[in-house]
Amino acid sequence: MVIVMRPGAPESAVAEVSEHLESLGYILHVSRGVGRTLIGAVGLPEIDKAATADSLRGHDWVEDVVLISKPYKFVSREYQAHDTVVDVAGLPVGGQGVVVMAGPCTVESEEQVNAVAERVAQAGASVLRGGAYKPSTSPYSFHGLGEPGLRILREAADRHCLKVVTEVMDVRRVDEVARFADILQIGTRNMQNYDLLRELGQTRKPVMLKRGMSAKYEEWLLAAEYIATQGNNQILLCERGIRTFETATRNTLDLNAVPMVKSLSHLPIVVDPSHGTGRRDLVAPMALAAVAAGADALIVEVHPDPDHAVKDGQQSQTPSQFAAMMTMLARVAEAIGRRLLRPEAQ
Ligand code: PEP
Ligand code: MN
């Protein structure tokens, strides 16, 4: 169960409720958010939870007690019925608008990032993507420009009124990446890096948690719960394709995830059709399908010269392909009663 304390509840009240729950044998996760303290109490299925919840509701400083059957609590729909809208430095992700994030797989140079930023902003993207720290299956691949890459990304984004999403791979680099980024991305290979999840839970920056390539929905939501238990509820879930028996595409983009995970969780869902397919020609159709299915945002790889990209050129759109896709996306969004959120519309 989750105990929601009233805004401004003193530490003595939190301690009193916590001690009571601990005396009953519960294991507690106290999350001190901006306005409120939440106490997650897990364990003890044999105890009469309903009676415990009723007695806690009588406490002066307890606002509500929510009983949750799922193993993940704070991120579950049972805990919060309404959709979370994540505040990306003033840009709302979730809710009625559809947000598009676009940019190169990897930050290669100032010229490359500037060229992409200009074109994707013109076409209506509101967030610039790009990796300065790159995870790679091979130790011999390029691993990113590091801090100079972050600087290039931030400057290009600011020039074109875009926000920045970029990956952080290492707990030792969280502060550095957070200085430049508006959204901290956790890559598929790190979805179960629990120390990293906890560390990002300590920040107050939005986190985009990519689904592990072999992770079930429950494992993905439990990973999000690691972030939420630290007090950061600004979480975006990103479906980026999973490993299946099919080898014609790089991954299989699991669009079931969009309506299914939305029924399990209140968090916004982002879809990545670039890694989800691995093929430039499949990105636009799958992006359209994702928005039709209810995705709150897309993240798409775009490169000024994809055939000479350092990484993931085969799945990167040219700026003109991206612009053509954006025109169609606007129509699909409108058809389902939503609209593309353009930077100037905020
Ligand atoms: C990326 O966004 O470039 C990336 C490496 O993504 P993923 O972690 O989904 O492979
Ligand atoms: Mn990539």
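For clarity, every value in this text was computed on a predicted model and none was experimentally measured. Atoms within a ligand are numbered from 1 in the order they appear, just like the ligands themselves. Heavy-atom basis, side chains included; hydrogens, waters and symmetry copies ignored.
Listed by atom number, the atoms of ligand 1 under 4.0 Å from Arg129 heavy atoms are 1 (C), 2 (O), 3 (O). If you number the atoms of ligand 1 from 1 as listed, the ones under 4.0 Å from a heavy atom of Cys105 come out as 3 (O). When each atom of ligand 1 is checked for a heavy atom of Glu301 under 4.0 Å away, the hits are 3 (O). Listed by number with element, the atoms of ligand 1 under 4.0 angstrom from any heavy atom of His275 are 1 (C), 2 (O), 3 (O), 4 (C), 6 (O), 10 (O). Of all atoms in ligand 1, numbered sequentially from 1 with element shown, those under 4.0 Å from a heavy atom of Gly187 are 8 (O).
From the protein, the heavy atom lying nearest to atom 3 (O) of ligand 1 is Lys134 NZ, 2.8 Å. With hydrogens left out, the protein atom closest to atom 9 (O) of ligand 1 is Arg240 NE, 2.6 Å, a heavy atom. In terms of protein heavy-atom proximity, atom 8 (O) of ligand 1 is closest to Thr188 N, 2.8 Å.
Minimum interatomic distance between Ala257 and Trp220 (heavy atoms only, all atoms of both residues): CB-CZ3, 4.2 Å. The two residues Ala132 and Gly149 come nearest to each other via the heavy atoms CB-C, 3.9 Å.
Rounding to 10 degrees gives 170° for the angle at the Mn ion (ligand 2) between SG of Cys105 and NE2 of His275.
With respect to the Mn ion (ligand 2), Asp312 has OD2 as its nearest N, O or S atom. Looking at Glu301 and the Mn ion (ligand 2) together, the shortest N, O or S contact belongs to OE2.
In the hydrophobic cluster analysis, where Ile, Leu, Val, Met, Phe, Trp and Tyr join through side-chain heavy atoms closer than 4.5 angstrom, Leu264 is grouped together with Val75. Linking Ile, Leu, Val, Met, Phe, Trp and Tyr residues whenever their side-chain heavy atoms come within less than 4.5 Å places Met169 and Val171 in a single cluster.
Here the side chains of Arg338 and Asp296 are in contact, with some heavy-atom distance below 4.5 Å. Considering only heavy atoms from C-beta on, Leu253 comes within 4.5 Å of Glu239 through its side chain. Taking the side chain as every heavy atom from C-beta outward, Gln185 and Val168 never approach each other to under 4.5 Å.
Distances from atom 7 (P) of ligand 1 to the heavy atoms of Lys210, Met191, Arg211 show the closest one on Lys210.
Considering backbone and side-chain N/O atoms, Gln185 comes within less than 3.5 Å of an N/O atom of ligand 1. Any N or O atom pair closer than 3.5 Å counts here, and Asp272 shares no such pair with ligand 1. Geometrically, ligand 1 and Glu167 share no nitrogen or oxygen pair separated by less than 3.5 Å.
A donor-acceptor pair shorter than 3.5 Å can be found between the side chains of Asp312 and His275. Between the side chains of Gln321 and Arg280, no donor-acceptor pair of N or O atoms lies under 3.5 Å.
Ion pair Arg179/Asp175 not flagged as a salt bridge, since none of the NZ, NE, NH1 or NH2 atoms sits closer than 4.0 Å to an Asp/Glu carboxylate oxygen.
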